[in-house]
Amino acid sequence: MQIINPATEEVIQEVAEDTPETVAGKYQLLKEGQKHWAAKPLEQRIGAIEKFYALLDERKDELAATLTLEVGKPLQQSYNELNGARKRLEYFIKNAARWLAEEWITEEDATREKIVYEPLGVIANISAWNYPYLVGVNVFVPALIGGNAVLYKPSEYATLTGLHIRQLLYRSGIPENVFQAVTGKGPAGEALLDLPLNGYFFTGSYRTGKHIAEQTAGKLVPVQLELGGKDPLYVMDDVDDVNAVAEAALEGAVYNAGQSCCAVERIYVQENIYNKFVETFVALAKKLVTGNPMDKKTDIGPVSRKEQLKFLAGQVEDARQKGGSIMSGGAEPKGKGYFFEPTVVTNANHGMKLMTDESFGPVIGIQKVKDDDEAVQLMKDTPYGLTAAVYSKSFDRAEKVMKQMDTGTVYWNCCDRVSAGLPWSGRKNSGLGATLSYHGIRAFVQPKAYHMRG
Ligand code: NAD
């Protein structure tokens with residue numbers, strides 16, 4: 001398999017792909033190792049993650065450079081991702097013991113009762129490329145701390161990062177028979193579905209997630225899905241600082257070239273401030289620098305996958321044909337690399353694909369709304385349910401909107417953020433189950449009820 005630099009289209013490296021046979025061999029290794037790992041004291045498992053935490057910092061220059069090289073995100077954003085991953089590790093290191101400890105329910109009666117949390121066993125962590133460290137640590141860290149062995153399948157677009165993660169975990173004291181990486185494309189992931197694993201934890205597209213859920217349903221093991229979104233942001237007319245809101249919304253839309261599961265994907269603005277907001281937003285968007293992600297002044301790097309360019313151009317053209325005004329961007333810069341200029345489409349409406357299908361790129365539609373009711377109706381008009389953001393001076397007013405959202409996360413005066421202490425979960429086509437917070441620690445263990453007499 002060739003690893004391609006999306007900024008230059010050059011082949012960086014070739015990597016061997018796993019086959020169903022090699023994947024089955026890795027599973028056998030883990031099946032044996034998991035028992036020994038689970039028998040180790042919890043502090044020892046947490047201690048290994050502490051070493052991993054330190055190594056992520058010690059090796060950050062090399063790790064950030066590799067990440068930018070293979071996925072194309074601006075170098076500073078690669079450093080930010082590594083820092084963000086370490087913050088999540090801090091949460092798990094501090095909180096895992098509390099949520100994995102046995103719980104006494106009845107201690108003094110003739111029958112004593114307690115709950116003990118046991119690992120699931122060998123689990124699959126099938127991962128995405130857009131934030132390989134962040135979406136990876138959400139799964140393999142609490143899984144390892146909980147005593148599981150992990151078959152980790154990094155995305156084919158973040159393979160080198162996946163191999164770095166493997167190497168650093170081994171250096172941290174995680175045994176080879178407890179963590180194995182599976183390299184390759186869809187078929188390598190498919191091979192995991194044929195194995196009798198004890199849980200499937202997937203981050204990626206709705207299409208693949210649904211396929212995995214269907215394929216593994218008969219196994220009756222936990223299946224968690226962290227999928228895509230079409231996340232709305234609504235600006236009410238009482239906001240104090242339109243410039244600050246426009247800046248935040250734009251960053252939410254184009255950070256990582258718009259390739260975030262919780263990226264702002266569509267914006268609604270109340271009619272009284274629509275013109276002012278659009279003018280500010282477009283002016284800011286025009287200042288963004290698209291180019292070499294290794295260059296410090298670059299805001300927008302290439303998108304990671306070539307086929308996305310055609311998809312984005314199609315969404316913009318569809319919007320143009322349906323009356324949208326292309327206020328900035330709209331075209332691929334010429335030359336090598338998978339670049340797409342940040343594109344703002346105003347006069348958007350829900351007849352346009354741009355407002356209904358996940359874009360996963362630096363394009364954004366802005367639609368005018370009359371009032372909160374119209375905004376709510378449009379925000380809810382989606383098969384996805386990951387996040388929704390509201391900007392307003394009034395919490396009460398914003399809360400009325402947030403309460404009506406069928407999403408796992410709502411934001412007031414912020415957007416496009418994830419916190420380790422809060423559950424990360426999607427509703428409807430955005431997923432099933434939660435990572436992070438205590439939910440994301442307990443997701444990797446199963447309760448055993450003890451009834452004890454004598
Ligand atoms: P994808 O579905 O194309 O691939 C995800 C992973 O699945 C990859 O490792 C891939 O090799 C593997 N895969 C592909 N076919 C498979 C099969 N048949 N069986 C098993 N595995 C298979 O998604 P992607 O392009 O890597 O990620 C982008 C999507 O992920 C976007 O929709 C984005 O919103 C979503 N995402 C969601 C979250 C979240 O937390 N909700 C986080 C990041 C990304």
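Order of appearance sets the numbers: ligands from 1, and atoms from 1 within every ligand. Bear in mind the structure is a predicted one, so any value in this text is a computation, not a measurement. Throughout, residue positions are numbered sequentially from 1 according to the sequence presented.
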Any heavy atom of Gln259 sitting closer than 4.0 Å to ligand 1? no
Closest protein heavy atom (residue, atom, distance) for [atom]:
| atom | result |
| --- | --- |
| atom 16 (C) of ligand 1 | Thr208 CG2, 3.5 Å |
| atom 27 (O) of ligand 1 | Ala128 CB, 3.7 Å |
| atom 7 (O) of ligand 1 | Phe202 CE1, 3.3 Å |
| atom 12 (C) of ligand 1 | Ile126 CG2, 3.8 Å |

Does an N or O anywhere in [X] fall below 3.5 Å from an N or O of ligand 1?
| X | answer |
| --- | --- |
| Thr203 | no |
| Ser430 | no |
| Leu193 | no |
| Glu156 | yes |
| Leu227 | yes |
| Ser260 | no |
| Glu190 | yes |

Just to be sure I'm reading this right: ignoring hydrogens, which of Gly189, Ser205, Ser127, Gly204 gets closest to atom 8 (C) of ligand 1? Compare them by their nearest heavy atoms. Ser127
Run the salt-bridge test on [X] and [Y] with the 4.0 Å N-O cut-off and return the result as yes or no.
| X | Y | result |
| --- | --- | --- |
| Lys336 | Glu10 | no |
| Glu307 | Lys310 | no |
| Glu358 | Lys230 | no |
| Lys73 | Glu70 | no |
| Asp231 | Arg266 | no |
| Lys210 | Glu214 | yes |

Tell me which part of [X] gets within contact of ligand 1: side chain, backbone, both or neither, using heavy atoms under 4.0 Å.
| X | answer |
| --- | --- |
| Tyr131 | neither |
| Phe360 | side chain |
| His211 | side chain |
| Arg207 | neither |
| Tyr206 | neither |

Mark up the atoms of ligand 1 that fall under 4.0 Å of a heavy atom belonging to [X], in ascending order.
| X | answer |
| --- | --- |
| Cys261 | 34 (O), 36 (N), 37 (C), 38 (C), 39 (C), 40 (O), 41 (N), 42 (C), 43 (C), 44 (C) |
| Glu358 | 31 (C), 32 (O), 33 (C), 34 (O) |
| Trp129 | 24 (P), 25 (O), 26 (O), 27 (O) |
| Val135 | 42 (C), 43 (C) |
| Trp424 | 39 (C), 40 (O), 41 (N) |
| Asn130 | 43 (C), 44 (C) |

Under 6.0 Å from the ring centre and within 45 degrees of the ring axis: does the NZ or CZ of Arg305 meet both conditions for the six-membered ring of Tyr338? no
If the condition is ring pair (Phe, Tyr, Trp, His ring centres under 6.0 Å), which residues does Phe395 pass it with, not counting sequence neighbours? Trp412
State whether the side chain of [X] and the backbone N or O of [Y] hold a donor-acceptor pair below 3.5 Å, judged by distance alone.
| X | Y | value |
| --- | --- | --- |
| Trp37 | Leu144 | yes |
| Thr343 | Glu341 | yes |
| Asn148 | Phe444 | yes |

Lys87 meets the side-chain hydrogen bond (donor to acceptor under 3.5 Å, both in side chains) criterion, sequence neighbours left out, with none
Taking the side chain as every heavy atom from C-beta outward, state whether Pro383 and Lys428 have any atom pair closer than 4.5 Å. no
Tell me, do Arg88 and Val418 make a side-chain contact under 4.5 Å, heavy atoms counted? yes
Quick check on atom 32 (O) of ligand 1 - does any protein heavy atom sit closer than 4.0 Å to it? yes
How about Tyr152 and Phe179: are their ring centres within less than 6.0 Å of each other?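 When the ring centroids of Tyr152 and Phe179 are compared, they turn out to be within the sub-6.0 Å range.
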